[in-house]
Amino acid sequence: GAVVSQHPSWVICKSGTSVKIECRSLDFQATTMFWYRQFPKQSLMLMATSNEGSKATYEQGVEKDKFLINHASLTLSTLTVTSAHPEDSSFYICSARLAADTQYFGPGTRLTVL
Amino acid sequence: AQTVTQSQPEMSVQEAETVTLSCTYDTSESDYYLFWYKQPPSRQMILVIRQEAYKQQNATENRFSVNFQKAAKSFSLKISDSQLGDAAMYFCAYRSAHAGGTSYGKLTFGQGTILTVHP
């Protein structure tokens, strides 16, 4: 089956620093990837849709200058949390769309901001 | 905008028994997809089952089946012969079938139901 990886799986950073999370589709090309945020025991909230070669589409309420998304190739999308603060601590999950109705999820990245 | 509601924050079942998780949704569209995802403690999202709205027949995947009531906008998941490995958080999700647009294919998730399986 299709595999999506995320790196790192866990990151701790100091407040005010920036953190980059990578999402890769390992055995397929994905023109569209999605970034979600999940707090403990809560649902996945879509942050943005990442389209290869174009600007990301952000959901309402998501700060595009704080959560920078780059989809530079058909197998890689990155999420950069700029000037991270403790309230940005969360579990970030990406998914990649293989076909019209098939979406595969990465294993997630746990971000802790001290 | 579409919304998905799971009214059961937690459910429990005895091993080998059957449990049903509820999901309702709201949409003005006639063509769409519905999904149930499982998120075990590892937090890896796993697709359990999917249903196309245009299909009247309820989807089935081994011990997992759905009861899709389009008019009532209800989409429940039945797990038969529950196993310890079924313990997880379950999410109901909606996706529009309309092609195009920069957010094509995005999923809208319900709040989730934590399922506990007792031995």
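All chains are named by letter (A, B, ...) in the order of the sequence lines, taking the proteins before the strands, and each is independently numbered beginning at 1. Since we're looking at a predicted model, the values are computed, not measured.
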Legend entry - Euclidean distance, B/Y37 OH relative to A/S43 OG, rounded to 0.5 Å: 12.0 Å

Inset, instruction - Examine A/L111 and A/V62 and state if one hydrophobic cluster contains both, with Ile, Leu, Val, Met, Phe, Trp and Tyr joined whenever side-chain heavy atoms are less than 4.5 Å apart. - result: yes

Inset, instruction - Let me know if B/M89 has heavy atoms under 4.5 Å from chain A in its side chain, its backbone, both or neither. - result: side chain

Legend entry - Non-hydrogen atoms of B/F91 and A/Q38 that approach each other most closely: CZ-NE2, 3.6 Å

Inset, instruction - Check whether any side-chain N or O of B/Q44 sits under 3.5 Å from a backbone N or O of A/F105 as a donor-acceptor pair, and report yes or no. - result: yes

Inset, instruction - Examine A/F67 and A/V19 and state if one hydrophobic cluster contains both, with Ile, Leu, Val, Met, Phe, Trp and Tyr joined whenever side-chain heavy atoms are less than 4.5 Å apart. - result: yes

Legend entry - Linked, directly or transitively: B/F64 and B/L84 (ILVMFWY side chains, under 4.5 Å): yes

Inset, instruction - State, yes or no, whether a side-chain contact exists between B/M45 and A/L44 at a heavy-atom distance under 4.5 Å. - result: yes

Inset, instruction - Could you look at A/Y104 and say if it's the side chain, the backbone, both or neither that has a heavy atom under 4.5 Å from chain B? - result: neither

Inset, instruction - Return yes when atom CD of B/Q56 has more than 12 non-hydrogen atoms of other residues, nucleotides or ligands closer than 6.0 Å, and no otherwise. - result: no

Inset, instruction - Group every Ile, Leu, Val, Met, Phe, Trp and Tyr by side-chain heavy-atom contacts under 4.5 Å, then state whether B/F75 and B/L77 land in the same group. - result: yes

Inset, instruction - To the nearest 0.5 angstrom, please state how far the CD atom of A/Q103 sits from the CZ atom of B/R95. - result: 8.0 Å

Inset, instruction - Kindly check if the number of other-residue, nucleotide or ligand heavy atoms within 6.0 Å of NZ (A/K66) is above 12? - result: yes

Legend entry - Proximal to chain A - members of residues 10-22 of chain B, heavy-atom separation under 4.5 Å: none

Inset, instruction - Examine whether an atom of B/Q39 lies under 4.5 Å from a heavy atom of chain A, and if so say whether it belongs to the side chain, the backbone or both; otherwise answer neither. - result: side chain

Legend entry - For A/I93 against B/R43, the heavy-atom pair lying closest together: CD1-O, 4.5 Å

Inset, instruction - Answer yes or no: are there more than 12 heavy-atom neighbours, outside B/K78 itself, under 6.0 Å from its atom NZ? - result: no

Legend entry - Neighbours of chain A found in residues 107-119 of chain B - heavy atoms under 4.5 Å: B/L107, B/F109, B/G110, B/Q111, B/I114

Legend entry - Joint hydrophobic cluster, B/V4 plus A/Y36, side-chain heavy atoms closer than 4.5 Å: no

